There are 2 protein chains.
Amino acid sequence: MADDRLERILELLRTQGGRLTTSRRAIVAALLESGLHVTAEDLAEHVQAAHPDIHRSTIYRTLDTLAGLGVVDHVHLGHGPAVYHLTDQPHHHLVCDACGAVVELPARALSALRRRVERDYGFQLDPGHFALAGRCAACAPVG
Amino acid sequence: MADDRLERILELLRTQGGRLTTSRRAIVAALLESGLHVTAEDLAEHVQAAHPDIHRSTIYRTLDTLAGLGVVDHVHLGHGPAVYHLTDQPHHHLVCDACGAVVELPARALSALRRRVERDYGFQLDPGHFALAGRCAACAPVG
DNA sequence: GACGTTCTTGCGATCAGGTCGCAATCGCCC
DNA sequence: GGGCGATTGCGACCTGATCGCAAGAACGTC
């Protein structure tokens with residue numbers, strides 16, 4: 001079924017006028033093999049283990065193309081590099097300022113806030129594109 | 001009353017072991033004269049209009065010191081530079097992905113979410129440190 | 001299977017935002 | 001007014017990301 005997802009994404013790429021290149025296959029495969037969040041550099045490392053010639057800029061460009069197709073999105077988790085994730089499981093991120101831990105939050109956790117913000121401000125929250133900062137249980141100040 | 005705030009901050013700086021320098025006076029004054037959100041570069045420009053010798057790195061260092069005192073905090077509004085703001089009026093930010101507009105949100109708008117996240121995940125949200133992305137009323141997709 | 005068009009790629013330069021080490025300077029306390 | 005130590009200006013540096021360019025590869029057509 002990971003193969004299914006791979007083929008589906010590659011097919012999407014091809015039918016939208018893109019080309020199926022070795023680089024893109026490798027990058028999408030690496031993306032599927034990775035955890036829920038990967039930085040572009042992590043992905044580059046992963047990809048280059050098997051294909052040392054695939055350049056950093058190709059990783060960025062491919063991620064950009066995939067973002068255009070709605071396949072991936074990226075989130076800024078505070079100060080470091082952005083992390084990319086597939087869009088098929090919308091979720092939110094809690095990021096600990098102190099230790100950098102990332103906690104997943106189901107998409108519906110913010111639905112009340114979304115409704116409220118839309119009603120009061122006409123603002124449509126994009127539920128996948130931001131991280132919520134704070135302190136995780138381990139790093140929380142006492143009290 | 002802006003003078004009050006200025007003096008209060010400078011006093012805080014001095015009593016915490018810091019020194020009152022020309023640079024710091026100028027930077028804090030500029031901060032108070034600026035709008036609610038200002039980037040470090042904007043602040044540098046403002047400060048340098050009157051004190052051309054104050055270096056960019058001094059701006060960053062002073063902002064860092066002030067953050068340590070709890071006087072200012074910074075937020076990352078998406079891809080660009082961070083924006084700094086005084087902490088005396090806690091609030092949140094809605095940032096439009098399309099046009100960059102920033103909408104203020106009163107701190108209490110997130111209190112329900114805060115309670116819930118703390119209860120369910122033991123995670124203490126830091127209410128000032130993140131921006132909520134999405135589309136503002138003007139840029140929202142129709143429907 | 002060869003061909004030509006057009007999209008992709010590798011490469012290195014470049015950019016933005018921010019940080020750091022160092023020597024010189026300046027505040028503050030006595 | 002002197003001395004200690006914090007602060008500053010300066011420029012080099014760092015990371016994350018983007019870009020222009022020429023070479024290379026994919027795909028539709030024949």
Side-chain angles (χ1 to χ4, degrees), chain A residues 9-28 30 37-48 50-69 72-84 95 100 129 131, chain B residues 9-28 30 37-45 47-48 50-69 71-84 95 100 129 131:
Chain A
I9 293 171
L10 294 179
E11 188 59 21
L12 189 57
L13 197 51
R14 211 173 54 70
T15 57
Q16 300 290 319
R19 288 178 185 178
L20 250 48
T21 65
T22 312
S23 305
R24 288 180 169 179
R25 283 177 205 279
I27 292 167
V28 174
H37 323 103
V38 230
T39 66
E41 296 300 325
D42 287 347
L43 195 60
E45 205 174 319
H46 186 154
V47 167
Q48 287 170 355
H51 304 265
D53 290 350
I54 295 181
H55 197 270
R56 227 162 49 94
S57 63
T58 300
I59 307 276
Y60 281 105
R61 283 190 282 227
T62 300
L63 284 171
D64 207 49
T65 301
L66 293 174
L69 295 175
V72 302
D73 201 355
H74 69 273
V75 193
H76 296 274
L77 304 180
H79 289 192
V83 299
Y84 290 79
V95 183
H129 199 72
Chain B
I9 294 172
L10 294 178
E11 188 59 22
L12 189 58
L13 197 51
R14 210 173 56 71
T15 57
Q16 301 291 320
R19 289 178 184 178
L20 248 48
T21 65
T22 311
S23 305
R24 287 180 170 180
R25 283 177 205 279
I27 292 167
V28 174
H37 322 103
V38 71
T39 66
E41 296 301 325
D42 286 346
L43 195 60
E45 204 173 319
V47 167
Q48 288 170 355
H51 304 264
D53 290 351
I54 295 181
H55 197 271
R56 226 163 52 93
S57 64
T58 300
I59 307 275
Y60 281 105
R61 283 190 282 225
T62 300
L63 284 171
D64 207 49
T65 302
L66 292 174
L69 295 175
V71 172
V72 301
D73 202 356
H74 69 273
V75 194
H76 296 273
L77 304 181
H79 287 191
V83 299
Y84 290 78
V95 183
H129 199 72

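Chain naming here is simple, since letters A, B, ... match the order of the sequence lines and numbering starts at 1 in each. If you're wondering where the values come from, they're calculated on a predicted model, not measured in any experiment.
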Rounding to an integer number of Å, can you tell me how far [X] [atom1] sits from [N] [atom2]?
X	N	atom1	atom2	result
A/Glu41	D/dA17	CD	P	7 Å
B/His55	C/dG17	NE2	C1'	14 Å
A/Ile59	C/dT9	CD1	P	10 Å
A/Arg19	D/dG24	CZ	P	16 Å
B/Leu20	D/dA6	CG	C1'	13 Å
B/Asp53	C/dC26	CG	P	11 Å
B/Leu10	C/dC28	CG	P	10 Å

Going by modelled atom types, is there a donor-acceptor pair between the base of [N] and the side chain of [X] at under 3.5 Å?
X	N	result
B/Arg61	C/dG21	yes
A/Arg56	C/dG10	no
A/Ser57	C/dC11	yes
A/Thr21	C/dC7	no

Problem set entry | Verdict with supporting geometry, B/Leu63 and B/His74, side chain to side chain contact (heavy atoms under 4.5 Å, CB included) | CA-CA 9 Å; B/Leu63 284 171; B/His74 69 273; over 6 Å; no
Exercise. Which residue, B/Thr22 or B/His76, contacts DNA chain C at a nucleotide closer to its 5' end, judged by nearest heavy atom?
Worked result: B/His76
